[in-house]
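What follows is a set of notes on a single structure, which appears directly below.
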Amino acid sequence: MAPAPNINPPINVGHIDDVQELRKTKPITVPERYVRDMAQRPTLATSSPCSSSAMSIPVIDLSELVEGGEDEVQREVLKLASSCEEWGFFQVINHGIDKELLESIEKVTTEFFMLPLEEKQKYPMAPGTIQGYGHAFVFSEDQKLDWCNMLALGVEPHCIRNPKLWPTNPPEFRETLETYSTSIRKLCQTLLRFIALSLGLNQDRFNEMFGVTVQAVRMNYYPPCSRPDLVLGLSPHSDGSALTVLQQGAAGSSVGLQILKDNIWVPVQPLENALVINIGDTIEVLTNGKYKSVEHRAVTHKEKDRLSIVTFYAPGYEIELGPLPELVDKNHPCMYRRYNHGEYSRHYVTNKLQGKKTLDFAKIQTQVSTN
Ligand SMILES: COC(=O)C(/C=C/C1=C(C)CCCC1(C)C)=C/O[C@H]1C=C(C)C(=O)O1
Ligand SMILES: O=C(O)CCC(=O)C(=O)O
Ligand SMILES: [Fe+2]
């Protein structure tokens with residue numbers, strides 16, 4: 001009998017160095033697989049002409065939205081609308097999440113990354129999968145690699161969790177992540193209410209349609225790199241989520257996140273106790289492109305390491321998505337097709353990070369006239 005066709009050929013990703021170990025054992029070596037082609041090499045924050053406040057992402061004060069009088073709410077909702085429309089990114093302050101909780105998650109995450117390699121490898125990310133400790137989005141031997149170690153975990157609903165990949169070392173890791181994720185989830189739901197209002201929609205429009213929402217966390221550790229001008233910490237991409245919440249080290253830690261605005265990579269300066277929020281592909285589709293999921297990447301630093309703790313908040317897998325009818329009309333023709341979020345998640349996690357290419361999955365291609 002002829003062998004069954006191989007539907008999922010095994011992925012050969014070749015040898016992948018652990019960048020933290022590389023940094024310890026060969027501090028000035030940058031293997032070829034990490035060296036980017038000229039066009040992809042980063043412009044670094046220190047030499048960037050655009051670190052002035054005119055080129056800083058907006059700051060939203062959540063307490064003004066939640067507790068403010070009518071005027072403050074109106075002003076802040078308008079600011080939220082322009083942040084989402086023009087930047088796709090903002091920092092949120094007075095978000096109501098305890099400083100101690102932010103510090104605790106940073107502490108247990110740092111402790112995890114500082115463990116010996118053999119200990120971290122007890123939670124391995126298998127090639128072609130996206131949960132555990134390792135390199136996600138690597139599918140071939142000749143793909144360039146990110147200068148980053150990553151721990152990614154499904155959090156909600158429980159059926160997407162792989163408990164074997166949730167570290168038991170440090171001992172407080174699991175409980176802290178659980179408490180943190182509950183707070184971040186509430187924050188996402190609050191933000192989605194104000195984002196709906198900012199679009200002139202009923203405040204519960206997104207929360208009601210999202211069903212059993214999916215939440216995942218990705219912890220990124222970027223060791224220093226002797227040649228930050230040659231490598232990327234994280235390849236350019238947009239997030240597949242509805243909203244992403246990013247916690248990065250406070251003022252004084254190195255600047256690593258950059259977002260693409262008007263073809264310029266703009267660095268995001270860490271703000272004490274603030275969280276960085278970005279619009280994901282799902283909100284871009286639902287708003288028919290009014291709010292865009294903006295391409296971003298991370299760069300590394302010659303002497304400083306950096307940690308980011310990133311939560312992806314998304315609709316349930318069974319939820320059908322497409323532009324909301326309220327946001328489609330003669331002047332705003334429908335730009336995206338309908339699909340279900342499970343399909344998009346599969347598409348997202350089986351493709352390498354490549355700018356906004358993943359969203360081509362949902363775009364309706366406009367005909368180019370040849371006349
Ligand atoms: C490394 O992982 C990611 O970058 C990532 C993955 C998230 C997920 C898990 C770690 C567990 C299973 C669910 C999910 C796919 C969300 C990014 O998440 C983005 C991509 C999609 C799609 C999304 O909703 O968030
Ligand atoms: O580390 C960062 O600043 C970027 C992280 C990020 O974009 C992600 O994990 O999706
Ligand atoms: Fe991202």
Side-chain angles (χ1 to χ4, degrees), residues 45 57 88-89 91 109 123 125-126 128-138 146-162 165-166 181 188 210 212-222 232-249 253-260 265 267-270 275-285 293-301 305-317 319 321 339-353 355-356 358-359 361-362:
I57 67 168
F89 266 83
Q91 308 218 41
T109 308
Y123 313 96
M125 185 187 288
T129 70
I130 42 150
Q131 297 203 45
Y133 176 77
H135 277 74
F137 307 106
V138 184
D146 293 335
W147 193 266
C148 173
N149 280 341
M150 176 187 291
L151 173 69
L153 302 167
V155 176
E156 292 290 345
H158 279 230
C159 60
I160 69 162
R161 285 190 191 189
N162 182 346
L165 298 178
W166 278 54
S181 295
C188 288
F210 276 8
V212 181
T213 50
V214 170
Q215 189 173 345
V217 68
R218 177 156 97 190
M219 293 150 160
N220 305 302
Y221 178 74
Y222 307 96
L232 284 175
L234 190 59
S235 302
H237 66 282
S238 65
D239 294 337
S241 49
L243 283 186
T244 301
V245 179
L246 181 143
Q247 179 178 338
Q248 58 179 344
S253 89
S254 77
V255 180
L257 176 61
Q258 298 184 333
I259 71 174
L260 191 60
W265 287 103
V268 175
Q269 304 291 336
L275 293 165
V276 177
I277 311 294
N278 65 286
I279 297 293
D281 296 341
T282 302
I283 293 288
E284 173 166 333
V285 170
S293 71
V294 165
E295 195 172 332
H296 53 286
R297 68 182 185 184
V299 298
T300 62
H301 191 277
D305 58 358
R306 178 171 174 267
L307 179 71
S308 65
I309 301 166
V310 183
T311 300
F312 303 105
Y313 186 73
Y317 286 143
I319 301 301
L321 298 170
Y339 58 91
N340 109 359
H341 186 64
E343 272 178 79
Y344 189 59
S345 294
R346 255 191 315 282
H347 172 75
Y348 190 94
V349 300
T350 50
N351 282 279
K352 65 177 179 181
L353 298 178
K356 287 207 59 168
T358 325
L359 198 53
F361 172 93

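In each ligand, atom 1 is the first atom listed, and ligand 1 is the first ligand listed.
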Can you tell me the protein heavy atom closest to [atom] and the distance?
atom	result
atom 3 (O) of ligand 2	R306 NH2, 2.8 Å
atom 11 (C) of ligand 1	Q131 NE2, 3.4 Å
atom 10 (O) of ligand 2	R218 NH2, 2.6 Å
atom 2 (O) of ligand 1	R218 NH1, 3.9 Å
atom 6 (C) of ligand 1	I130 CD1, 3.8 Å
atom 12 (C) of ligand 1	Y317 OH, 3.7 Å
atom 5 (C) of ligand 1	F312 CE1, 3.8 Å
atom 7 (C) of ligand 1	A216 CB, 3.6 Å

Quiz item: For the Fe ion (ligand 3), which N, O or S atom of D239 is at the shortest distance?
Solution: OD1
Less than 4.0 Å is my threshold; does some heavy atom of [X] fall inside it relative to ligand 1?
X	result
F137	yes
H341	yes
D239	no

Which segment of [X] sits under 4.0 Å of ligand 2 when only heavy atoms are counted:
X	value
Q248	neither
L234	side chain
V268	neither
H296	side chain

Considering only heavy atoms of [X], which atoms of ligand 1 have at least one such atom less than 4.0 Å away?
X	answer
A136	1 (C)
A152	1 (C)
S241	23 (C), 24 (O), 25 (O)
A314	24 (O)

Give the numbers and elements of all ligand 2 atoms closer than 4.0 Å to a heavy atom of [X].
X	value
L246	2 (C), 3 (O), 4 (C), 5 (C)
Y222	1 (O), 2 (C), 4 (C), 5 (C)
F312	10 (O)
D239	10 (O)

Quiz item: Of the listed options (P315, S238, G240, G342), which comes nearest to atom 23 (C) of ligand 1 when hydrogens are ignored and any heavy atom counts?
Solution: G240
Exercise. Return the option from V155, V214, I160, T213 holding the heavy atom at the smallest distance from atom 16 (C) of ligand 1.
Key: V214
Self-check item: Minimum heavy-atom distance between M125 and A152, given as atom pair plus value
Solution: CE-CB, 4.2 Å
Self-check item: Shortest non-hydrogen separation from A242 to I283 and the atoms involved
Solution: O-CG1, 3.3 Å
Exercise. Output yes when the distance from some N or O of ligand 2 to some N or O of H237 is under 3.5 Å, and no in every other case.
Key: yes
Exercise. Begin with the C-alpha distance, continue with both residues' side-chain angles, and end with the deciding distance and a verdict on side-chain contact (heavy atoms from CB on, under 4.5 Å) for Y123 and Q131.
Key: CA-CA 9 Å; Y123 313 96; Q131 297 203 45; over 6 Å; no
Quiz prompt | Between Y313 and T213: side-chain donor-acceptor atoms closer than 3.5 Å | solution = yes
Quiz item: Side-chain donor-acceptor pair under 3.5 Å between D281 and Y344, yes or no?
Solution: yes
Using only atom types and a distance under 3.5 Å, with no angle test, would you say the side chain of [X] pairs donor to acceptor with the backbone of [Y]?
X	Y	result
Q91	Q269	yes
H347	T358	yes
H296	V294	yes
H135	N149	no
K356	P236	no
Q248	I309	no

Quiz item: So Y222 and L234, side-chain contact (heavy atoms from CB on, under 4.5 Å) or not? Walk me through it.
Solution: CA-CA 9 Å; Y222 307 96; L234 190 59; 3.8 Å; yes
Self-check item: Nearest-0.5 Å distance, OG of residue S241 to CG of residue N278
Solution: 6.5 Å
